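Some notes on the structure that comes next.
Values below: every heavy atom of this structure, side chains too, minus hydrogens, waters and symmetry copies. Every value quoted in this text rests on a predicted model; they were computed, and no experiment measured them.
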Amino acid sequence: MLSRTTAIAASLSVSAGSANPSKSNYSRLLGLNNNLSYTASNPVIVSSNSNFASFAWNTSNNSKYTKSRMERFTTRASAQPLTNADELIDSVQTFIFDCDGVIWKGDKLIDGVPETLDLLRSKGKRLVFVTNNSTKSRKQYGKKFETLGLNVNEEEIFASSFAAAAYLKSINFPKDKKVYVIGEEGILKELELAGYQYLGGPEDGGKKIDLKPGFLMEHDENVGAVVVGFDRNFNYYKIQYGTLCIRENPGCLFIATNRDAVTHLTDAQEWAGGGSMVGAIRGSTQREPLVVGKPSTFMMDYLANEFGILKSQICMVGDRLDTDILFGQNGGCKTLLVLSGVTTLSVLQSPNNSVQPDFYTNKISDFLSLKATTV
């Protein structure tokens with residue numbers, strides 16, 4: 001990820017009321033605290049070959065810094081209904097599917113999914129499954145696919161829990177530093193596989209704070225990153241502990257697996273998503289997180305490098321405009337919105353919606369019926 005970074009030597013010191021407006025602008029862009037200074041042994045801001053801002057740990061005296069490439073905003077035409085599935089299928093080599101709302105809703109498989117995946121595989125297409133849900137590891141998601149009767153390899157699955165660990169590896173996060181986790185087992189398993197020390201997670205779900213007069217809460221000063229994901233045992237203890245690490249440990253990173261407003265825990269209704277946990281930490285720290293899940297381009301860059309895929313030969317299929325479709329657009333891919341999840345046709349066509357996919361359809365099994373009508 002960092003191999004194509006073009007860096008210029010610079011010493012970065014961010015302080016309140018800086019005379020250099022560009023530095024304070026970048027601190028606001030990345031969510032950095034204005035009173036932090038990045039020197040030897042602290043993280044240094046660099047940029048990757050994408051629009052995703054990243055950090056590298058550096059022990060040299062001179063920090064390396066580059067500007068992040070800014071997104072070019074263009075006006076997109078309104079999305080078109082998918083009428084010729086074969087044409088879209090033939091135009092790409094790889095399909096990236098979101099999971100919740102596209103493949104399943106809760107623990108229920110969406111109709112026609114197995115047949116659709118079989119069709120695409122029979123045409124020689126690579127299939128990749130990307131989810132912002134961080135509660136499971138890649139291995140655990142593999143078991144869920146298997147339970148639902150889908151034959152999907154672990155190497156084809158990319159969860160935001162994996163993305164958090166992969167991101168830390170990409171910036172050479174020190175192995176002697178610890179990661180505090182606000183989230184569930186999936187993040188812990190991926191951090192363990194990557195060789196990182198961690199604390200928190202489900203273990204802190206039952207902890208409470210006894211707010212007696214004069215009480216001071218201690219925290220581990222060796223925590224160098226706080227990773228926040230979806231957490232069904234979110235509590236005040238975790239908020240305070242994560243806040244202390246981010247605010248008081250020099251250079252501590254604030255990493256979010258995603259900022260999804262809602263998720264599908266069951267197929268009966270929408271439930272508050274990981275963005276609610278991230279929002280609490282953002283509010284208490286006044287810091288913007290580094291988001292490794294969709295719509296950040298980190299996972300797209302990782303996938304393209306891992307599989308040697310041209311981004312122009314990818315179609316991103318998802319049910320969310322602000323994550324899935326934006327993820328595909330940020331990566332330079334074709335995009336297909338399915339209306340089987342969060343987004344309705346009225347939301348897509350609303351004048352207030354600025355995110356327009358290339359195509360939209362009801363569900364991915366429309367590939368089968370639309371194929372049949374065009375033969």
- So, do Asn233 and Lys238 sit near enough that their side-chain heavy atoms are less than 4.5 Å apart? yes
- Query: Considering residues, nucleotides and ligands other than Glu154, do more than 12 of their heavy atoms fall under 6.0 Å from its CD?
  - Reply: yes
- Does a side-chain heavy-atom distance below 4.5 Å link Leu339 with Thr361? no
- Query: What class does the angle between the rings of Phe129 and Phe97 fall in, given that below 30° is parallel, 30 to 60° is tilted and above 60° is perpendicular?
  - Reply: parallel
- Message: Would you compute the distance between atom CZ of Phe215 and atom CD1 of Ile209 and round it to the nearest 0.5 angstrom?
- Response: 6.0 Å
- All side chain to side chain contact (heavy atoms under 4.5 Å, CB included) counterparts of Lys189, not counting sequence neighbours: Ser137, Gln140, Glu185
- Message: Does the Lys NZ or Arg CZ of Lys175 fall within the cation-pi geometry relative to Tyr196 - under 6.0 Å from the ring centre and within 45° of the axis?
- Response: yes
- Item | Straight-line distance of Glu184 CD to Arg232 CZ, nearest 0.5 Å | 4.0 Å
- Check ion pair Asp98-Arg320 (N to O, under 4.0 angstrom): no
- Message: Can you list everything that forms a side chain to side chain contact (heavy atoms under 4.5 Å, CB included) with Ser340? Sequence neighbours excluded, please.
- Response: Ile110, Val338, Lys363
- Task: Flag the pair Val223 / Cys252 as yes when at least one side-chain heavy-atom distance between them is below 4.5 Å, and no otherwise.
- Result: yes
- With a 4.5 Å limit on heavy-atom distance, are the side chains of Cys333 and Thr94 in contact? no
- Query: Does the pair Leu168 and Glu190 meet the rule for a side chain to side chain contact (heavy atoms under 4.5 Å, CB included), with working shown?
  - Reply: CA-CA 11 Å; Leu168 290 173; Glu190 295 294 355; over 6 Å; no
- salt bridge (charged side-chain N to carboxylate O under 4.0 Å, His left out) partners of Lys212, counting only residues at least two apart: Asp210
- Honestly, is Arg138 close enough over Phe162, meaning NZ or CZ under 6.0 Å from the six-membered ring centre and within 45° of the axis? yes
- Query: Rounded to the nearest 0.5 Å, how far apart are CG of Asp176 and CD of Gln197?
  - Reply: 7.5 Å
- Task: Consider only side-chain heavy atoms of I, L, V, M, F, W and Y, link residues closer than 4.5 Å, and tell whether Phe234 and Tyr236 are in one cluster.
- Result: yes
- Path from Ile246 to Met217 over hydrophobic side-chain contacts below 4.5 Å: yes
- Are the side chains of Asp86 and Lys123 in touch, meaning some heavy atoms are under 4.5 Å apart? yes
- Item | CG-NZ distance between Asp301 and Lys311, expressed to the nearest 0.5 angstrom | 3.5 Å
- Message: If the condition is salt bridge (charged side-chain N to carboxylate O under 4.0 Å, His left out), which residues does Asp319 pass it with, not counting sequence neighbours?
- Response: none
- Under a single-linkage definition using a 4.5 Å side-chain heavy-atom cutoff for Ile, Leu, Val, Met, Phe, Trp and Tyr, are Phe298 and Leu310 assigned to the same hydrophobic cluster? no
- Query: With sequence neighbours left out, what residues match Asn151 under side chain to side chain contact (heavy atoms under 4.5 Å, CB included)?
  - Reply: none
- Linking Ile, Leu, Val, Met, Phe, Trp and Tyr through side-chain heavy atoms less than 4.5 Å apart, which residues share a cluster with Val262? Val342
- Message: Let me confirm one number: the OG-CG distance from Ser365 to Leu119, rounded to the nearest 0.5 Å.
- Response: 11.0 Å
- Answer yes or no: are there more than 12 heavy-atom neighbours, outside Asp111 itself, under 6.0 Å from its atom CG? no
- Looking at Ser160 and Asn258, what are the two nearest heavy atoms and their distance? OG-ND2, 4.2 Å
- Please name all residues satisfying side-chain hydrogen bond (donor to acceptor under 3.5 Å, both in side chains) with Arg126, sequence neighbours left out, ordered by chain then number. none
- For Phe230, the ring-ring contact (aromatic ring centres under 6.0 Å, His included) test, sequence neighbours excluded, returns none
- Check whether any side-chain heavy atom of Asp366 lies under 4.5 Å from a side-chain heavy atom of Leu82, and answer yes or no. no
- Task: With sequence neighbours excluded, tell me which residues meet side chain to side chain contact (heavy atoms under 4.5 Å, CB included) with Asp100.
- Result: Trp104, Thr131, Asn133, Thr263, His264
Donor-acceptor pairs under 3.5 Å, side chain of residues 199-208 to any protein atom, not counting sequence neighbours: which ones?
from, atom 1, to, atom 2, distance (Å)
Asp204, OD1, Lys207, NZ, 2.8
Asp204, OD2, Tyr180, OH, 2.8

- Message: I'd like to know whether Val130 forms a side chain to side chain contact (heavy atoms under 4.5 Å, CB included) with Met300, so could you lay out the CA-CA distance, the side-chain angles of the two residues, the decisive distance to 0.1 Å, and finally the verdict.
- Response: CA-CA 10 Å; Val130 175; Met300 184 69 75; over 6 Å; no
- Item | Partners meeting side-chain hydrogen bond (donor to acceptor under 3.5 Å, both in side chains) with Asp324 (sequence neighbours left out) | Lys294
- Message: Taking CD in Glu146 as the centre, count heavy atoms belonging to other residues, nucleotides or ligands within less than 6.0 Å. Is the count above 12?
- Response: no
- Message: Please identify which of these residues, Asp220, Asn249, Asn222, meets the side chain to side chain donor-acceptor pair (under 3.5 Å) condition with Lys178.
- Response: Asp220
- Message: Nearest 0.5 angstrom please: Asn353 CG to Thr343 OG1, how far?
- Response: 8.0 Å
- Item | Val228 side chain reached by Arg282 side chain, heavy atoms, under 4.5 Å | no
- Message: In the structure I gave you, are the side-chain heavy atoms of Phe173 and Val179 within less than 4.5 Å of one another anywhere?
- Response: yes
- Message: Would you say NZ of Lys144 has more than 12 non-hydrogen atoms from neighbouring residues, nucleotides or ligands within 6.0 angstrom?
- Response: yes
- Message: Using the rule given for side chain to side chain contact (heavy atoms under 4.5 Å, CB included), can you reason through Phe327 versus Thr335, listing the C-alpha separation, both sets of side-chain angles and the distance that settles it, and then say yes or no?
- Response: CA-CA 9 Å; Phe327 175 64; Thr335 54; over 6 Å; no
- Quick one: ring-ring contact (aromatic ring centres under 6.0 Å, His included) partners of Tyr141, sequence neighbours excluded? none
- Task: In sequence, state the C-alpha distance, the side-chain angles, and the governing distance for Leu290 and Tyr167, and then conclude on side chain to side chain contact (heavy atoms under 4.5 Å, CB included).
- Result: CA-CA 10 Å; Leu290 290 154; Tyr167 175 71; 3.9 Å; yes
